[in-house]
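Before any comments, here is the structure.
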Amino acid sequence: MTGPGPPPASAINDPDLLRDFQHVWHPCTPLSDLENYPLLNIERADGVYLYDKNGGRYLDVIASWWVNLLGHNHPRLKAALTAQLEKMAHVMFAGITHEPAIELAERLTALTPDNLTRVFFSDNGSTSVEIALKISLQYWQQTGRPEKKRFVYLKDGYHGETLGALSVCGLPLFREKFDPVLMDNLEVAGPDCLRCPFGLKRDSCNAECFQPMQETLAQHTEAIAAVIVEPLVQGAGGMKMYPPVYLKKLEAACRELKIHTIYDEVAVGFYRTGSRFVCAGHGLSPTFLCLSKGITSGTLPLAATLTEEAVYDAFKGEFQQFNWFVHSHSYSANPLACAVANETLTLLEEPGFSEVLAQKAETMRRAGAVLEELPWCAEYRQTGMIGALELVRDRENLTPFPLERRVGFRIYQAALKRELFLRPLGNVMYFMPPYAVTDEEIKWIIEQAAAAVEDVLGKE
Ligand code: PMP
């Protein structure tokens, strides 16, 4: 034992939390927090609100880890789920197909860039990334370029937490402990618009910061299978936002050098940044597109990896050649999840939906301006329905708060008292509510979030 461990069971007063404490292991939760910061015991959720067993209500400001697009307990999604449940809950997806998956594949390929014609289903974001990495590797082996086996990823990039996904993770917090077994990939400094080394602004620059990527691609062309990015917003890295021109340069360079591009739109797909998908919205055609999270609006786990026909073609051949993709997941294309995903798409594509969402994003932008008056505000940035406030100790020099001070975590605790459920990423507080949020609620979230920052930092 190297530090404070979990509290003694006697410190947990609530009987349900005691039962949880005895057998459950929660994701991304320091065990020493379990004593001082009791878990919320959520009993039901409706619209943008979560309700706990003690009568508390919290606005789900981060859409339950960015999955819930349309609001909790959505009647149409429940109806789609139960209708499918009456017919079939699950069936394996090798040797079998079913209507919900066929329809979903048709719809996804119709809504994404024209080059994406094939869909491989799995059940979480990390896995959708693993599949893209594996297909890319196998593609190069089967097209006579087996030396192409390294991936390029951005500093501060995040693509999930399985070992493959961690091998393209640019955040030490997540990968450090596993470094000894990770693939030998190439990390590149990416856009850092708040602290731009060229002193430029994200809305007017020409992605001068593409230079290190250009150099890496040129230097290692023969060894690189693919470049993976989170387009426009690096989520777990602190909602770092960068302009589309970076992606345009990346696409041009990769096309010229014959390197695959993998767009991880697990967090930003389905209108989160304003466009249905970042690639489609900006006229970009990645080789792979990874989708998950919002695909079922937070109802059931599902993921899809899309790719192009030329990639699929490299997997054709006689059985004896063994060049088919030997990859399987028990819950691949779960029919319940596919049925809910189809209904999610129907709701997202209803006339006027994206226009209403654009207005809400505008409210988020306007209301968020008040956050810039906080003395600790380095920047309030916003892309579509993602707003992010980066807090710093010293505004002039953009000196960050040391992570040990847990500024974000303490604000999260203060915000709970104000009925907001928001979990900052380090020193970055962000707003990524379900799209069902109203303009009034957006303004209230921002007011309360500002007050929570004052509650914590105003006293120091
Ligand atoms: N990629 C991105 C961009 C993500 O934000 C996440 C999750 N935060 C993942 C992949 C991994 O998804 P999952 O947690 O479903 O494995």
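Residue numbers start at 1 and run along the sequence shown. Counting starts at 1 for both ligands and their atoms, following the listed order. The shown structure was predicted, so the numbers you read here are calculated from the model rather than taken from an experiment.
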### Task
Could you find the nearest protein heavy atom to atom 6 (C) of ligand 1 and give me its residue, atom name and distance?
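In this structure, atom 6 (C) of ligand 1 has Tyr158 CE2, 3.5 Å as its nearest protein heavy atom.
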
### Task
Give the residue and atom name of whichever protein heavy atom lies nearest to atom 12 (O) of ligand 1, and the separation in Å to one decimal.
Gly125 CA, 3.2 Å

#### Entry: For Asp264, atoms of ligand 1 separated by under 4.0 Å from a heavy atom
1 (N), 2 (C), 3 (C), 10 (C)

### Task
Examine ligand 1 and decide if any of its atoms is less than 4.0 Å from a heavy atom belonging to Trp66.
yes

### Query
Is there a heavy atom in Val129 that sits closer than 4.0 Å to ligand 1?
no

Using distance alone, determine whether [X] and ligand 1 share an N or O pair under 3.5 Å.
X: Ser126; result: yes
X: Lys293; result: yes
X: Ala267; result: no

Could you tell me whether [X] atom [atom1] has more than 12 heavy atoms of other residues or ligands within 6.0 Å of it?
X: Tyr312; atom1: OH; value: no
X: Tyr51; atom1: OH; value: yes
X: Phe178; atom1: CZ; value: no

### Task
Output yes when Glu130 and Lys134 qualify as a salt bridge under the 4.0 Å nitrogen-oxygen rule, no when they do not.
no

### Task
Go through Arg272 and Glu265 one step at a time and tell me if the salt bridge (charged side-chain N to carboxylate O under 4.0 Å, His left out) criterion holds.
CA-CA 10 Å; Arg272 194 40 93 174; Glu265 295 209 29; over 6 Å; no

### Query
Which word best sums up how the rings of His98 and Phe93 line up, parallel for under 30°, tilted for 30 to 60°, or perpendicular for over 60°?
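The rings of His98 and Phe93 sit tilted, inter-plane angle from 30° to 60°.
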
